[in-house]
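Worksheet for the structure shown next.
In this text the structure is predicted, and so the values were computed from the model without any measurement.
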Amino acid sequence: MTTLKDYPSFNNMQVVVQALGLAVDIDTGDLYYASLAGSGTATKSVWATICSKNGKLSCRHWYDDDMKGVNPIKSTAVTLPDSHFKHLLAVNGEPELLIAVEPIAARYYDCLDVDHESERAELLTEKMKSVYIDFAKYINTNTQVPILESWACEMWSRAGEGIKELQTFGDCLGAWVIDPDYDWTSLVQNLLEENVISFHSDEAGDYG
């Protein structure tokens, strides 16, 4: 008989709730995104732990070490249809966080299953155009470097330490933190000099 133990679950040493998605910095345990389902009381308990500096939160099958939420982090909760369970989302609110979420991907929870990982990779490929668009908007809004939207894909592939990729699971297909202090000016200048990008690029965007 299949039980909750067979699926990913968040545990804060007080309650256990089903894990639907996660984005975490595996080097620090910083949690940027969590998607979970459980009773109203249990989800509130996990949310309180995410917000706590001293809370202990782990995720069975995905991340066994302690995690802590990265402020500012906000939550939304809805009651699942025909159920007393709640679905809670906790997401970091900084503009530096870019994230690709697809609810259907929660069914592909087993990171050791080749088919699950293949399905997630396919879904992420479909989402990347939107990620590149959001990246271009971030650069134009939060740095002093004006770029064309069509440059985003090439800049992304060459950014190196300018973009930190987080470890993601379940309905979170991908998550990245942009470094606003990275030398974006030099990156653009280099790409222009190499004729990788140009001011004559298709304004509709070329995403590879």
Task: Option passing side chain to side chain contact (heavy atoms under 4.5 Å, CB included) with L22 (candidates P8, C59, S35) - done: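 Only one option passes, and that is C59.
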Do [X] and [Y] touch side chain to side chain, with heavy atoms closer than 4.5 Å?
| X | Y | value |
| --- | --- | --- |
| P180 | Y138 | yes |
| W47 | I73 | yes |
| Q167 | W62 | no |
| L88 | V46 | no |
| W184 | I147 | no |
| Q144 | T185 | no |
| V16 | S9 | yes |
| I197 | L192 | yes |

Distance-minimising heavy-atom pair for [X] and [Y]:
| X | Y | result |
| --- | --- | --- |
| S45 | N12 | OG-ND2, 2.9 Å |
| T168 | A23 | CG2-CB, 3.9 Å |
| V131 | A100 | CG2-CB, 4.1 Å |

In terms of hydrophobic clustering (I, L, V, M, F, W, Y; side-chain heavy atoms under 4.5 Å; direct or indirect links), are [X] and [Y] co-clustered?
| X | Y | value |
| --- | --- | --- |
| V145 | M155 | yes |
| I139 | M128 | yes |
| I104 | L20 | no |

To the nearest 0.5 Å, what is the distance between [atom1] ([X]) and [atom2] ([Y])?
| X | Y | atom1 | atom2 | result |
| --- | --- | --- | --- | --- |
| E122 | L173 | CD | CG | 11.0 Å |
| D171 | R120 | CG | CZ | 8.5 Å |
| E154 | L148 | CD | CG | 13.0 Å |
| L57 | M13 | CG | CE | 11.0 Å |
| E117 | C111 | CD | SG | 6.0 Å |

Open item on the list: Under a 4.0 Å threshold between the charged nitrogen and the carboxylate oxygen, would K164 count as salt-bridged to D30?
Closed with: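 Looking at D30 and K164, the cut-off is not met.
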Task: Within 6.0 angstrom of E126 CD, more than 12 heavy atoms from elsewhere - done: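 Result for CD/E126: enclosed.
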- [ ] Assess the side chains of H84 and S39: does a donor N or O sit below 3.5 Å from an acceptor N or O?
- [x]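 There is no such pair between these side chains.
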Open item on the list: Please tell me whether E161 and Y182 have a donor and an acceptor in their side chains that are separated by less than 3.5 angstrom.
Closed with: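 E161 vs Y182: no donor-acceptor pair found between side chains.
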Task: Donor-acceptor contact below 3.5 Å, side chain H116 vs main chain Y109 - done: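 Here the side-chain-to-backbone pair exists.
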TODO: Could you tell me which residues satisfy ring pair (Phe, Tyr, Trp, His ring centres under 6.0 Å) with W156, sequence neighbours excluded, listed by chain and number?
DONE: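 Checked W156 against ring pair (Phe, Tyr, Trp, His ring centres under 6.0 Å); matches are Y132, F135, W176.
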TODO: Just jot down the side chain to side chain donor-acceptor pair (under 3.5 Å) partners of K56, sequence neighbours excluded, or say none.
DONE: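 With neighbours one apart ignored, the set is D66.
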Task: Residues clustered with L166, ILVMFWY side-chain links under 4.5 angstrom - done: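 Via sub-4.5 Å side-chain contacts, L166 links to Y32, Y33, V70, L89, V91, L97, I99, V101, V177.
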- [ ] Give a yes or no on whether the ring-centroid distance for F199 and W151 is below 6.0 angstrom.
- [x]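 They qualify: ring centres under 6.0 Å apart.
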Task: Pair H61 + Y7: ring centers closer than 6.0 Å - done: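 Not close enough - the centres of the two rings lie 6.0 Å or further apart.
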